[in-house]
Amino acid sequence: MKKIALLAGGKLELRYPEDEIALQDGMVKVHVSACGICGSDLALLSGKRDVSKELYFGHEFSGVVTEVSKGSVKIEPGMRVASEVSRTCGTCWYCLNGLSEYCRSLNDAITPGGFTEYTLARSTPDYSFLSPVPDAIDDVTAALMEPTNCAYQIAMKANIKPGDNVVVYGLGAMGIIAAIILRHLGAGAIICVGRRPARQEKARQTGIFDAVVGNDEAGMAVIREICGEHGADVVIEATGTPSVLSQAMTTARYGGRVVAASVYHGTIPEFDPLPIFRRELTIVGAKGPGAFLRTDGSSAVVHMMSLMKDDLAKIIRVYDFKDALQAFEDAKSGEAIKAVIKF
Ligand SMILES: [Zn+2]
Ligand SMILES: [Zn+2]
């Protein structure tokens, strides 16, 4: 069996353990086909998240079900699946208040995670962390179901009207996938802002955006030229840098909307809240994943993935298992927008 082991101190090692993981009650076993590297995986490596508190490594995977335990519903051996919450209990406080994505901790849903050739995923009558994958979506694209679902949440929170101009801060997978969805929803111009020139060039090459600019005066001038002097209707902050959230507030027009769509580590020194009042901004959080998937595979996110798979392909870089350490390096450096490892 192949495994990417995460060791203390942010070290990675390729391992080939003899034993396959044994099936547990309430879980199904998945033979992992591909697993994507998420920003939160990199946060584990860099020590921004505590490895000792995490029970899994890799949550963006696709694969084939090989074994199911008693009580798993609608999931059968041989089924192609992707990871993501698709059924919740319906009776807890979160579920009853329209926040079913908070129903249960991910720590309880997968073990040891998608960076191992075989992983367990929870599937019971009151919770499932697997969604069926239609034939039209290949294994590598299917590994993006979780981030696409998170980006869908961002797009929903952006709440755009047809023709709205959108500025996206951040040239990572999350901002770009959200932008692709917003395009399908009828956004007007979509401008992406990124700090690193190499990333800007990569984003430009995808041809997805009306403009890709730097986070500087020249970039702001392009934004004003396209959106008008008052700024963008909707601004999405997907860099994870707290100070950029302040900046996003100055890029939005009067009455505009700012979506805070990142995991922030740190605070904003001398945060100026006045623009929220003076310019009547709406600031809204978007913490993916949302509760959009269904266990029968019929959800809007799955349909969207079929529609946008050509655009998704433009941001994916595929690595064989033997090159997994390089994949993590490239994800860290930004060389790969979305690195996906094939098992
Ligand atoms: Zn993720
Ligand atoms: Zn619940």
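Keep in mind that what you see is a predicted model, and the values were worked out from it rather than measured. Positions are given from 1, in the same order as the sequence printed here.
- Residue pairs meeting the ring-ring contact (aromatic ring centres under 6.0 Å, His included) criterion with at least one partner in residues 28-51, sequence neighbours excluded, are His31-Tyr118.
- Residue Ile191 is not grouped with residue Met174 when hydrophobic side chains (ILVMFWY) are merged at heavy-atom distances under 4.5 angstrom, including chains of intermediate members.
- For Arg87 against Pro125, the heavy-atom pair with the smallest separation is CD-O, 3.0 Å.
- Sorted by first and then second residue, the ring-ring contact (aromatic ring centres under 6.0 Å, His included) pairs with a member in residues 281-300 read Tyr152-Phe292; sequence neighbours excluded.
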> Can you check side-chain contact (heavy atoms from CB on, under 4.5 Å) on Ile37 and Leu42, steps first, answer last?
Replying inline: CA-CA 8 Å; Ile37 299 174; Leu42 300 176; 4.0 Å; yes

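- Ion pairing between Arg317 and Glu335 holds under the 4.0 Å rule for side-chain N and carboxylate O.
- Counting only distance, with no hydrogens or angles, the side chain of Thr119 and the backbone of Gly113 share a donor-acceptor pair below 3.5 Å.
- Connectivity analysis of hydrophobic side chains (ILVMFWY, heavy atoms under 4.5 Å, direct or indirect) links Trp93 to Tyr94, Leu99, Tyr102.
- Here the shortest heavy-atom pairing between Ile21 and Pro112 reads CD1-CD, 3.5 Å.
- What you find for Ala143 and Ala34 is that their closest heavy atoms are CB-O, 3.9 Å.
- Counting heavy atoms from C-beta outward, Leu6 and Leu12 have side chains that approach closer than 4.5 Å.
- No donor-acceptor distance shorter than 3.5 angstrom exists from the side chain of Arg199 to the backbone of Gly194, with no hydrogens or angles considered.
- Here Asn165 contributes atom CG and Ile160 contributes atom CD1; the two are 10.0 Å apart, rounded to the nearest 0.5 Å.
- Of the candidates Glu101, Glu84, Glu60, Asn149 forms a side chain to side chain donor-acceptor pair (under 3.5 Å) with just one, namely Glu84.
- Using the six-membered ring where Trp is involved, Phe343 and Phe321 have ring planes that are tilted, between 30° and 60° apart.
- When all heavy atoms of Ala203 and Phe209 are compared, the pair lying nearest together is O-CD1, 3.8 Å.
- Between the side chains of Ser105 and Asp108, not a single donor N or O lies within less than 3.5 Å of an accepting N or O.
- The side chain to side chain donor-acceptor pair (under 3.5 Å) pairs that include a residue from residues 294-310 are Arg294-Ser298, Asp296-Ser298, where partners are two or more places apart or lie in different chains.
- In terms of modelled atom types and a separation under 3.5 Å, the side chain of Ser69 and the main chain of Met27 share a donor-acceptor contact.
- Under a hydrophobic-cluster definition in which Ile, Leu, Val, Met, Phe, Trp and Tyr are linked whenever side-chain heavy atoms come within less than 4.5 Å, directly or via other members, Met156 and Leu307 are assigned to the same cluster.
- When all heavy atoms are compared, the tightest approach of Val302 to Ile137 is O-CD1, 3.8 Å.
- Salt-bridge check for Asp233 with Arg257: failed, with every basic side-chain N at 4.0 Å or more from each acidic carboxylate O.
- Outside the 6.0 Å centre-distance limit, the rings of Phe129 and Tyr56 are not counted as a close aromatic pair.
- The side-chain hydrogen bond (donor to acceptor under 3.5 Å, both in side chains) test applied to Tyr264 returns Glu237, not counting sequence neighbours.
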> Would Ile223 and Val193 satisfy side-chain contact (heavy atoms from CB on, under 4.5 Å), going step by step from the backbone distance to the final call?
Replying inline: CA-CA 9 Å; Ile223 290 171; Val193 186; 3.9 Å; yes

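- Taking the side chain as every heavy atom from C-beta outward, Phe271 and Leu245 never approach each other to under 4.5 Å.
- Arg122 forms no cation-pi arrangement with Tyr127, by the criterion of a distance under 6.0 Å to the ring centre and an angle within 45° of the ring axis.
- Every residue two or more places apart in sequence or in another chain was checked for a side-chain hydrogen bond (donor to acceptor under 3.5 Å, both in side chains) with Arg196, and none qualifies.
- Interatomic distance, CE of Met220 versus SG of Cys227, reported as 9.0 Å (0.5 Å rounding).
- Here the closest heavy-atom approach between residue Met305 and residue Thr141 is recorded as CE-O, 3.2 Å.
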